Protein chains: 2
Amino acid sequence: METAHNEYKQGFIDFVNSLNNLRTEVATVLAQQLETVSFKKGEAILEQGSVCRYVYFINNGLVKTGFESKDRTFIMRFFAEGAMFTVLDSYLSRQASAYQIQALENTVVTRISRTALDDLRARFHSMETFFSKLLATASVNMMWRIGEILEEQASVRYANFIKENPDLVQRISLGDLAAYLGITQVSLSRIRAGR
Amino acid sequence: METAHNEYKQGFIDFVNSLNNLRTEVATVLAQQLETVSFKKGEAILEQGSVCRYVYFINNGLVKTGFESKDRTFIMRFFAEGAMFTVLDSYLSRQASAYQIQALENTVVTRISRTALDDLRARFHSMETFFSKLLATASVNMMWRIGEILEEQASVRYANFIKENPDLVQRISLGDLAAYLGITQVSLSRIRAGR
DNA sequence: GTAGTTTTTTATCATTTGATAAATTTTCGA
DNA sequence: TCGAAAATTTATCAAATGATAAAAAACTAC
């Protein structure tokens, strides 16, 4: 439906503007490059081993990015409505990704292809600035996460996660939260029991 | 000494060019904003609690970035000659940093102030692109590190570090390497003993 | 609503890492 | 070169987490 489609595009544009305000002209060109796609709960948005060719904005729903290793799964991050994400290494290198993206709920995303965004970044200084700021945000988050993992035990990280994401906790399974914390689901259950 | 000073500036410029080639004009303006500073082994380049006002390029020497917590120390990263670094959260937010930077060897850095770099990023698209690429590199490194910490035990991460940084290992103390791995120095000694 | 599947909990035992202390080795300045 | 300080190793015991299995609870599909 066209109306809904444009609304979704507007979410993406608003997000970009919130990081770095675009001239109307640039926003218009950007809007032309966006497309909106839906995924059902459980569906893979990006499979491990394929190349991530998009930057995504979540209109609604919830996704996890992570990877499978040996027989365990690890989660890099959850992204909910209003967030922008990609699998950065694959996106930048154009190589197959070790990471996957999966919808944890029915999810609607608006995305832009790397080709299109590269072009916009090259043509418009403001789009490059937006991209810098996007990476800056991601970097600061990751820095923080590394520090926390090094410093704190799983029980503390669990408590921190709950405190900082009270909303998300309701929507994430125990197993996925454990995979985010880097411990087994059984260990997290034990931590919750307080032993 | 002026000659040496210009050589040092050139290292910074070469690094920028390697990420995103600058027009001569831009490189010249950039060069005017650089200054070279030396630190003795053990000296703090940035103290925990102050604001990181620079992006640094290491001409020679070795530094660690990290933080003290309770009674333990943790290291985010080592940077040796040829690397560019800053304390990103503090640099971007202009807030006091939870992280410190310390010289592990006598170190010569060439730096640019945030004020000057912000100005160059605003004036020259190519400088913004350089900054994006710098952040992209940092992001991919951090992504990789998070995945590794989640997935692998300290003994494996130790083996990986040695394999990927055979040069650095010679120059880093066991304690600092343990702080990077997120374990105690005693634990690392035990891992090395192979028990 | 019920059966089957998935998720979560509980329990037990093994492994990894931390805390502490002491011995040993290395480094460094006088 | 000596002696003190710092770094590293070794040892012992405690705490945190993993592996496995089984029970309980929650969720789903029909």
Side-chain angles (χ1 to χ4, degrees), chain A residues 40-44 62 64 66-75 78 102-106 145-162 168-195, chain B residues 39-44 61-62 64 66-75 78 102-106 145-162 168-195:
Chain A
K40 292 245 166 77
K41 175 176 179 173
E43 270 190 295
L62 178 64
K64 63 177 175 184
F67 60 99
E68 315 247 344
S69 142
K70 302 160 199 163
D71 47 353
R72 289 178 66 188
T73 292
F74 298 93
I75 291 178
F78 302 101
Q102 196 184 351
L104 293 179
E105 301 173 353
N106 292 337
R145 176 124 182 253
I146 291 170
E148 194 198 26
I149 300 178
L150 292 180
E151 183 181 1
E152 303 292 0
Q153 304 205 125
S155 54
V156 176
R157 303 204 307 275
Y158 172 65
N160 289 346
F161 187 89
I162 290 178
L168 273 190
V169 175
Q170 317 300 328
R171 300 160 69 185
I172 295 171
S173 75
L174 187 69
D176 278 342
L177 185 42
Y180 176 82
L181 296 173
I183 61 178
T184 63
Q185 189 258 22
V186 174
S187 290
L188 180 53
S189 182
R190 171 169 45 200
I191 285 170
R192 293 218 290 187
R195 260 162 285 137
Chain B
F39 295 89
K40 292 244 165 78
K41 176 175 178 172
E43 269 189 296
L62 178 65
K64 63 177 175 184
F67 61 99
E68 315 247 344
S69 142
K70 302 159 202 165
D71 47 352
R72 291 177 65 189
T73 291
F74 298 94
I75 291 178
F78 301 101
Q102 196 184 353
L104 293 178
E105 301 174 354
N106 292 336
R145 176 124 183 253
I146 291 170
E148 194 197 27
I149 300 178
L150 291 180
E151 184 181 0
E152 303 292 359
Q153 304 206 120
S155 54
V156 176
R157 303 203 308 274
Y158 172 66
N160 288 347
F161 187 90
I162 291 178
L168 273 190
V169 175
Q170 316 301 327
R171 301 160 70 186
I172 295 171
S173 75
L174 187 69
D176 277 343
L177 184 42
Y180 176 81
L181 296 173
I183 61 177
T184 63
Q185 189 258 20
V186 174
S187 290
L188 180 52
S189 182
R190 172 169 44 200
I191 286 170
R192 293 218 291 187
R195 259 162 285 136

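Small disclaimer: the values here were computed from a predicted structure and weren't measured. Every chain is numbered from 1 and lettered A, B, ... according to where its sequence line falls, protein lines coming before strand lines.
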Would you indicate, yes or no, if [N] has its OP1 or OP2 atom less than 4.0 angstrom from a side-chain nitrogen or oxygen of [X]?
{"X": "A:Ser187", "N": "D:dG18", "result": "yes"}
{"X": "B:Arg192", "N": "D:dT8", "result": "no"}
{"X": "A:Gln185", "N": "C:dT7", "result": "no"}
{"X": "B:Thr184", "N": "C:dG18", "result": "yes"}

Exercise for review: For B:Ser189, answer base if it contacts any base atom (sugar-phosphate contacts may also be present), sugar-phosphate if it contacts only those atoms, and nothing otherwise; contact means non-hydrogen atoms under 4.0 Å.
Suggested key: base
Practice item. Determine the contact category for A:Arg190: base if any of its heavy atoms lies under 4.0 Å from a base atom, sugar-phosphate if only primed atoms, P, OP1 or OP2 are that close, otherwise nothing. Key: base
Exercise for review: With DNA chain C as reference, determine whether B:Lys41 or B:Glu152 sits nearer its 5' end, using the nearest nucleotide of each.
Suggested key: B:Glu152
Check your understanding: Does NZ or CZ of A:Arg157 fall inside the cone over A:Tyr180's six-membered ring, less than 6.0 Å from its centre and within 45° of the axis?
Key -> no
Review point. Between D:dA19, C:dT16, D:dT8, which one does the side chain of B:Leu174 approach most closely?
Key: D:dT8
For [X] and [N], give me the distance from atom [atom1] to atom [atom2], rounded to whole Å.
{"X": "B:Leu188", "N": "C:dG18", "atom1": "CG", "atom2": "P", "result": "10 Å"}
{"X": "B:Ile183", "N": "C:dA19", "atom1": "CD1", "atom2": "P", "result": "12 Å"}
{"X": "B:Lys40", "N": "C:dG29", "atom1": "NZ", "atom2": "C1'", "result": "16 Å"}

Practice item. Please determine which of B:Arg171, B:Lys41, B:Lys40 meets the side-chain hydrogen bond (donor to acceptor under 3.5 Å, both in side chains) test together with B:Glu105. Key: B:Arg171
Practice item. Take A:Asn160 and A:Glu148 through the side chain to side chain donor-acceptor pair (under 3.5 Å) test and state the conclusion after the steps. Key: CA-CA 10 Å; A:Asn160 289 346; A:Glu148 194 198 26; 2.8 Å; yes
